[in-house]
Protein chains: 2
Amino acid sequence: MMETPSISPDRIWSRLMALGQDGALPGKGVNRQALSDEEILAWHRLIGWGREAGLTPATDAAGNLFLTLEGTSPQLPPVLAGSHIDSQPTGGLFDGAFGTLAALEAVTSIAEAGLRPERSITVVAWMNEEGSRFAPGMMGSELFAGKRTLGEVMAVTDASAISVGDALARVHQAFPQLERRPLGFPIHAYIEPHIEQADGLERAGAVIGVVSGIQGKKTFEMCIAGREAHAGTEPMGRRLDALQAFARVALRMQMETAFVDQAVKFTIGRIEVEPNAPSVVPAHVRFRIDLRHPDNAVLDRLGQRLEFILAEDAAPCAFSIRRLVDAPSNDFDPALRDAIRRSAARHGFPALDLLSAAGHDARQMAPLAPSAMIFIPCRGGISHHPDEWAEPAHVAAGTTVLLDLILEQSGLSSQQGDA
Amino acid sequence: MMETPSISPDRIWSRLMALGQDGALPGKGVNRQALSDEEILAWHRLIGWGREAGLTPATDAAGNLFLTLEGTSPQLPPVLAGSHIDSQPTGGLFDGAFGTLAALEAVTSIAEAGLRPERSITVVAWMNEEGSRFAPGMMGSELFAGKRTLGEVMAVTDASAISVGDALARVHQAFPQLERRPLGFPIHAYIEPHIEQADGLERAGAVIGVVSGIQGKKTFEMCIAGREAHAGTEPMGRRLDALQAFARVALRMQMETAFVDQAVKFTIGRIEVEPNAPSVVPAHVRFRIDLRHPDNAVLDRLGQRLEFILAEDAAPCAFSIRRLVDAPSNDFDPALRDAIRRSAARHGFPALDLLSAAGHDARQMAPLAPSAMIFIPCRGGISHHPDEWAEPAHVAAGTTVLLDLILEQSGLSSQQGDA
């Protein structure tokens, strides 16, 4: 067995803090939305750190960023690891950034140890995981996996009517020398470290989460169309008030779905009202529903229920529905999950098997190659919030386990048959 | 009795259509919000038309626009007539514009007839009646009447964080030669023509509305403060979802107030959600309530009820309330109402006494001097909408009645003792 490199806990921590400066909010937290100027700054940092370690940067037509340590057999499909670096408008320092920098740290430690893997190892930062500026999210990984078309994704616009295509062209113009890889390529395995975004690990006193799968998710865009009228004169009985219809619909959806069991998650996160003027009866309401459940049968039933409630309770207003995401629950690769458990045990990190309640880019990689996710705790389970926090020791632990898996998958260690 | 001038139905109609080009929406309707570039264009038109008739333009620190035909005794308080020219974001061609142009037409016909009134006659276009860009509305008339302070009003900002003070400075810079009058001056009488914005006249087959008063109005800005969280991971039972709290509150408010009787008007016209991202549990909701009722005791009771409902149903979220407008119902001057009735009868216009369900700048003038409003029908009662429409014959009828009242009040006719 050859010498094993080890990660630098200080370096990954200081890089997490440095990356948090790109889009830093006053006080704390970050606003580094997809394809923004802030994300361009973050690309500069990542590419710079990658070059220091001898990694080759590249991008693709989807706006994913790759940093590759070339293996001795570069014709073999690479080991892919990473996450994303875009954030919610009021996000934290760890969601996405941890997984991306953990992968960079693992590969950097391999390169610094002078090791040359058989397979190439590629760090990835997927384009627009969050979906807050351009909806829905997971654009980069879904394009990579062929689940959406470039034409469809590039036409999506943000609140300022800027398209993904135009925003991505600006990013690519900022890096004119960057190698352009074809969209989608064979991969040997995919591993994504991430903060848990819930408090299962914290409550169990565990440090490493062995993610069994990602809970199923459906998202809908629903519209209610009423009729604009003067707030001071239109009799109540003649109104078609789209916002009151929304309140009826939202409350009944909440009552009928949110308390089905402990596992369901029902959220209306975004609403747009027209004309949204104080003395005008609202004419149009457009809102987004995010529905999740680990049991695909329950998820399907609840999704149908939501559509039924809109149809019934929007009346006398008109309504429409767009199904934006319909992703069933999935299971991650058992062998990789075993490898995570073994690595955690070897280092003495308490581990816990759990389901990911949040969606991740790993969902898209799972059908393409053996895939896995390594979770670390985040304080109080708080995420998508400036208060999001992970302990330096947990960051180091997750990165250490990732390094073990990368060594094994890239042909640098013989741990695979160890157990 | 001296010769009586008469208005030009064609001229006021063509001016209504011309004014509708400033801020014209595609298709029909206008978006000419307070202190906008579109309103500057409208000021240019009004001032130009006024100068043609020999009227002197002026403004004040509140951004009101005045066009004055000087009387033979200019030291006497003038007769004031007019309305406003700002619109809702998707407004019509008549709300405000009709009253302003009717006053201009009446005064123009007096000037063209070569008549010189004893008292000066001033046409007014009040600043920001609608309150859609800068809330709440009625800013110009409330400042004129001393009901609000300049410091408070000038600090109000629009959705782009532009203040009233800055927007008004831009308007005033566009008219550097304009005479500046002191804010607030004695007036002899105030008369405001307006479309009804309801269908009482239309259903009764009446052409002239003799407005008895304006129904009372309260507006509130309410905030609900929850806690931002990840839509995929935060358990439902631990959420502080501000938008779900809003749905609960809005629905209960609607149920408890909107069906009290036929006269009540309850509207939530505006809502702002933060962070308003698809996969984030909403942390903050700020919304505007518009509550109206002609009976002040009922209005007070319902207002208290709304505050109680927020306090009770926002929980477990926190809440806050700002009372923006608290205007009781008022009665217009009986002698002026008689004069409207007499004029309508003399011209053969069917008249109807009615209450104004909508608020108007005349509310602020009523405590300062004898005040009245003349309503004309609008098709289907539709207002605050591009479909808003008034018949040319009704526009002419309302303007004719206004002319009679102005002649009487400015000392050009002896109709006062006629009845």
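Numbered from 1 within each chain, the chains take letters A, B, ... in sequence-line order.
- In terms of heavy-atom proximity, Pro377(B) sits nearest to Ile195(B) at O-CG2, 4.5 Å.
- For Gly232(B) against Ala357(A), the heavy-atom pair with the smallest separation is O-CB, 2.7 Å.
- Here the straight-line distance linking atom CG of Leu310(A) with atom CZ of Phe246(A) works out to 11.0 Å at 0.5 Å rounding.
- In terms of heavy-atom pairs under 4.5 Å with chain B, the best-connected choice from Arg239(A), Gln262(A), Arg288(A) is Arg239(A).
- Using modelled atom types, no side-chain atom of Ser356(B) and backbone atom of Gly213(B) make a donor-acceptor pair closer than 3.5 Å.
- Contacts from residues 247-256 of chain A to chain B, taken as heavy-atom pairs separated by less than 4.5 Å, involve Ala247(A), Arg248(A), Ala250(A), Leu251(A), Gln254(A) in sequence order.
- Contact annotation: the side chain of Phe98(A) never approaches that of Ser83(A) to less than 4.5 Å [non-hydrogen atoms, C-beta and beyond].
- At least one side-chain heavy atom of Phe287(A) sits less than 4.5 Å from a side-chain heavy atom of Ile224(A).
- When side chains are defined from C-beta on, Leu355(A) does not count as touching Ile214(A), because their heavy atoms never get closer than 4.5 Å.
- Residues of residues 25-34 of chain A placed with any heavy atom under 4.5 Å of a heavy atom in chain B are absent; none qualify.
- Proximity to chain B (any heavy atom under 4.5 Å) is shown, for Glu228(A), by both the backbone and the side chain.
- Looking at Asn128(A), its side chain does come within 3.5 Å of a backbone N or O of Phe134(A) through a donor-acceptor pair.
- Using a 3.5 Å distance cut-off with no hydrogens or angles, the side chains of Glu130(A) and His384(A) do pair a donor with an acceptor.
- Among the candidates Ala231(A), Ala198(A), Ser132(A), Pro235(A), the residue making the largest number of heavy-atom pairs closer than 4.5 Å to chain B is Ala231(A).
- Salt bridge annotation for Arg379(B)-Glu202(B): absent, with no cationic side-chain nitrogen under 4.0 angstrom from a carboxylate oxygen.
- Here the closest non-hydrogen pair linking Ile376(A) and Ala390(A) is CD1-CB, 4.1 Å.
- Using modelled atom types, one finds a donor on one side chain and an acceptor on the other under 3.5 Å when comparing Asp95(B) with His194(B).
- The contact list for residues 276-283 of chain A toward chain B, using heavy atoms and a distance under 4.5 Å, reads Asn276(A), Ala277(A), Pro278(A), Ser279(A), Val280(A), Val281(A), Pro282(A) by residue number.
- Considering only heavy atoms from C-beta on, Thr90(B) stays 4.5 Å or farther from Glu274(A) through its side chain.
- Put simply, the side chain of Arg363(B) never gets that close to the backbone of Ser329(B): no donor and acceptor are under 3.5 Å apart.
- The two residues Arg286(A) and Cys223(A) make their nearest non-hydrogen contact at NE-SG, 3.7 Å.
- At least one donor-acceptor pair under 3.5 Å links the side chain of Glu192(B) to the backbone N or O of Ala362(B).
- When all heavy atoms of Leu291(A) and Leu299(A) are compared, the pair lying nearest together is O-CD1, 3.7 Å.
- Ranked by heavy-atom pairs shorter than 4.5 Å toward chain B, the options Thr219(A), Ile382(A), Asp199(A) are led by Asp199(A).
- When Arg227(B), His385(B), Gln197(B) are compared by the number of non-hydrogen pairs under 4.5 Å with chain A, Gln197(B) comes out ahead.
- Nearest heavy-atom pair across Ala135(B) and Val156(B) is O-CG1, 3.5 Å.
- Of residues 264-273 of chain B, those residues with a non-hydrogen atom less than 4.5 Å from any non-hydrogen atom of chain A are, in numerical order, Val264(B), Lys265(B), Phe266(B), Thr267(B), Ile268(B), Gly269(B), Arg270(B), Ile271(B), Val273(B).
- Most heavy-atom pairs under 4.5 Å with chain A, from the set Ala258(B), Gly131(B), Pro89(B): that is Ala258(B).
- Annotation: maximal heavy-atom pairing with chain B below 4.5 Å, among Arg238(A), Glu196(A), Met236(A), His230(A), occurs at His230(A).
- Using a distance-only test at 3.5 Å, with no hydrogens or angles considered, a donor-acceptor pair links the side chain of Glu388(A) to the main chain of Phe94(A).
- Heavy-atom distances place no part of Arg133(A) under 4.5 Å from chain B, backbone and side chain included.
- Here the side chains of Arg323(A) and Lys218(A) are not in contact, with every heavy-atom distance at 4.5 Å or above.
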